[in-house]
Amino acid sequence: FASTSWEESIPALEGAMILLVNLAATTPSCHPLLLPLVLDVCVPIIEHPKSTDYARGNMILLLANLSMTQQQELRDMRVADPLLR
């Protein structure tokens, strides 16, 4: 995505987000595998000023799904901080 603008990347990002949200919702056993994406994908999308409400909402939904099995790990990453800013 480095060679494209944020606006050009949004459709591909949103498609990937839906996949991750659905995967996390239906397969809790994959949560530890998705956890590394939180700081590299979720938080930047939540914090980016050009993120859409749809994108932010999907990242929050992904975090909610992950929190069902990975509460302490998410606390340790301090992912609530960007949500509370």
Side-chain angles (χ1 to χ4, degrees):
F1 294 110
S3 63
T4 61
S5 71
W6 178 259
E7 290 81 10
E8 293 171 331
S9 301
I10 289 175
L13 285 172
E14 288 178 347
M17 285 185 260
I18 292 298
L19 175 65
L20 294 174
V21 167
N22 287 332
L23 186 61
T26 60
T27 315
S29 62
C30 78
H31 288 182
L33 299 172
L34 297 176
L35 208 54
L37 297 174
V38 170
L39 293 178
D40 293 333
V41 178
C42 295
V43 172
I45 288 172
I46 290 168
E47 291 181 323
H48 199 288
K50 291 187 178 182
S51 287
T52 63
D53 289 342
Y54 181 76
R56 280 191 192 95
N58 279 318
M59 290 299 92
I60 291 168
L61 182 55
L62 176 59
L63 292 172
N65 288 333
L66 292 175
S67 74
M68 301 305 289
T69 63
Q70 305 294 306
Q71 305 93 336
Q72 190 58 50
E73 292 84 344
L74 292 171
R75 277 191 201 103
D76 293 345
M77 291 179 178
R78 303 184 57 88
V79 297
D81 293 351
L83 295 170
L84 298 172
R85 285 189 204 127

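Note that the structure is predicted; figures quoted are calculated from it, not measured.
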* Whether over 12 other heavy atoms sit under 6.0 Å from R78 CZ ->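 No, because the 6.0 Å sphere around CZ of R78 holds 12 heavy atoms or fewer from other groups.
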
* Asked: Can you find a heavy atom in the side chain of M68 that is under 4.5 Å from one in the side chain of P28?
  ->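 No, their side chains stay 4.5 Å or more apart.
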
* **Beyond-backbone contact of I46 with L63, side-chain heavy atoms, under 4.5 angstrom** =>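 SC-SC contact between I46 and L63 confirmed.
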
* Candidate list D53, V21, T52, test side-chain contact (heavy atoms from CB on, under 4.5 Å), partner N58, passing option ->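 Passing option: V21.
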
* For the residue pair N22 and T26, what are the closest heavy atoms and their distance? ->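 That would be O-OG1, 2.8 Å.
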
* Asked: Of the non-hydrogen atoms in M59 and I45, which two are nearest, and what is the gap between them?
  ->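 Heavy atoms of M59 and I45 come nearest at CG-CG2, 3.6 Å.
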
Is there a donor-acceptor contact under 3.5 Å from the side chain of [X] to the main chain of [Y]?
X	Y	value
R75	A80	no
H31	A24	yes
T27	C30	no

Calculate, to the nearest 0.5 Å, the distance between atoms [atom1] and [atom2] belonging to [X] and [Y] respectively.
X	Y	atom1	atom2	value
Y54	L13	OH	CG	12.0 Å
E14	S51	CD	OG	9.0 Å
L33	L20	CG	CG	11.5 Å
T69	L34	OG1	CG	9.0 Å

* Asked: Which is it for E73 and L66 under the side-chain contact (heavy atoms from CB on, under 4.5 Å) test, yes or no, and what are the steps along the way?
  -> CA-CA 10 Å; E73 292 84 344; L66 292 175; over 6 Å; no

* ILVMFWY cluster, M17 and L83 together (side-chain gap under 4.5 Å) ->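 In one cluster: yes.
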
* Please step through side-chain contact (heavy atoms from CB on, under 4.5 Å) for the pair V79 and C42, ending with a clear verdict. => CA-CA 9 Å; V79 297; C42 295; over 6 Å; no

* To do: Please identify each residue that fulfils side-chain hydrogen bond (donor to acceptor under 3.5 Å, both in side chains) with D76, with sequence neighbours left out.
  =>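 For D76 the side-chain hydrogen bond (donor to acceptor under 3.5 Å, both in side chains) partners, ignoring immediate neighbours, are Q72.
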
